[in-house]
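As a basis for the values below, the full set of heavy atoms in this structure was taken, side chains included, without hydrogen atoms, waters or symmetry mates. Everything quoted here is computed from the prediction, not taken from an experiment.
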Amino acid sequence: MRQKIRVVIAKPGLDGHDRGAKVIARALRDAGMEVIYTGLRQTPEQIVGAALQEDADVIGLSILSGAHMHICPRVMELLREKGLTDVLVVVGGIIPDADIPALNAIGINGVFLPGSPMQDVVTYIREHARSREHVT
C-alpha cells in the first residue's frame, strides 16, 4: 500500500505574505498529498523540527523576502544533523536566476519561481519524494 506523500510547507523568516504558500498547500492536497502548513515566520530549526515530528517526505519553503541564501543552507545543515537526508526540499518564491546554481549545489533542485504551473510542482514532488511504500 502506498501512503500519501507528506509535505511540510513553511514560510521562513520575516516574510509576512503567505497567500502563495496557501495556494501551493491547497494544490498539493488536491493532488492527494498530506500537507502540514507551519504558518508564518518560522525559523529553520522550527521547520526541520516540524519535518521530523511529522515524518515529512518533503519540505516546501516559500520565500519572498530575499533571505533564501541564508535560510536554505541552514535548513539543509539541520536536516543533515538530524539524519533527514532523504527529505526532499523545494523552494518557491522570488529567487534570482543567479542564485539557483548555489541552491542546487546544496541539494535544492526544486526551485519554482512566480508563475510556475502548479502541475509542475506536483509532478516534481511526485517524481522526487522518497518512496513511502509499505507492505501491509
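Counting non-hydrogen atoms of neighbouring residues, nucleotides and ligands closer than 6.0 angstrom, the CZ atom of Arg29 exceeds 12 such neighbours.
Nearest heavy atom pair, residue Ala27 against residue Met118, reads CB-SD, 3.9 Å. Scanning both residues, Val58 and Ala129, for their nearest heavy atoms gives CG2-CB, 3.8 Å. Among all heavy-atom pairs drawn from Leu113 and Ser116, the shortest one is O-OG, 2.7 Å.
The NE2 atom of His68 sits 10.0 Å away from the CD1 atom of Ile108 when rounded to the nearest 0.5 Å. Expressed to the nearest 0.5 Å, how far CD1 of Ile36 lies from CD of Glu54 amounts to 4.5 Å. To the nearest 0.5 angstrom, Leu64 atom CG is 12.5 Å from Leu14 atom CG. Taking CG of Asn104 as the start and CG of Asp99 as the end, the distance is 11.0 Å to the nearest 0.5 Å. Once rounded to the nearest 0.5 Å, the distance linking CD of Glu81 with CG of Leu78 reads 5.5 Å.
The shortest side-chain heavy-atom distance between Val91 and Ser62 does not fall under the 4.5 Å cut-off. Using a 4.5 Å heavy-atom cutoff, the side chains of Tyr124 and Val90 are in contact. Between Val89 and Met76, some side-chain heavy-atom pair lies under the 4.5 Å cut-off. Inter-residue side-chain proximity for Pro12 and Ile47 is flagged as met; some heavy-atom pair is nearer than 4.5 Å. Proximity of Lys11 to Thr38: side-chain heavy atoms (C-beta onward) are nowhere separated by under 4.5 Å. Side-chain contact check for Val122 versus Met33: some heavy-atom pair is nearer than 4.5 Å. Proximity of Asn109 to Val111: side-chain heavy atoms (C-beta onward) are nowhere separated by under 4.5 Å. Inter-residue side-chain proximity for Ile5 and Glu34 is flagged as unmet; no heavy-atom pair is nearer than 4.5 Å.
A donor-acceptor pair is defined here as one N or O able to donate and one able to accept, closer than 3.5 Å; such a pair exists between the side chain of Gln42 and the backbone of Leu40. Of the possible polar contacts, one joining the Arg126 side chain to the Ala31 backbone as a donor-acceptor pair under 3.5 Å is found.
Linking Ile, Leu, Val, Met, Phe, Trp and Tyr residues whenever their side-chain heavy atoms come within less than 4.5 Å places Leu61 and Met69 in a single cluster. Both Leu103 and Leu84 are assigned to one and the same hydrophobic cluster, defined by single-linkage of ILVMFWY side chains at heavy-atom distances under 4.5 Å. In this structure, Ile59 is a member of the same hydrophobic cluster as Ile95, with clusters built from ILVMFWY side-chain heavy atoms closer than 4.5 Å. One hydrophobic cluster, built from ILVMFWY side chains closer than 4.5 Å, cannot hold both Phe112 and Ile94; they sit in different ones. A single hydrophobic cluster is not seen to contain both Val7 and Ile63; linkage of ILVMFWY side chains at heavy-atom distances under 4.5 Å, directly or through other members, places them apart.
Using a 4.0 Å cut-off between charged nitrogen and carboxylate oxygen, Glu77 and Arg74 count as a salt-bridge pair. Ion pairing of Asp86 with Arg130 is present here, as a side-chain N (NZ or NE/NH1/NH2) and a carboxylate O approach within less than 4.0 Å. A salt bridge is absent between Asp57 and Arg6; no separation between the charged side-chain nitrogens and carboxylate oxygens falls under 4.0 Å.
Across Val8, Ile9, Ile24, Leu28, a single residue satisfies side chain to side chain contact (heavy atoms under 4.5 Å, CB included) together with Tyr37, and that is Ile9.
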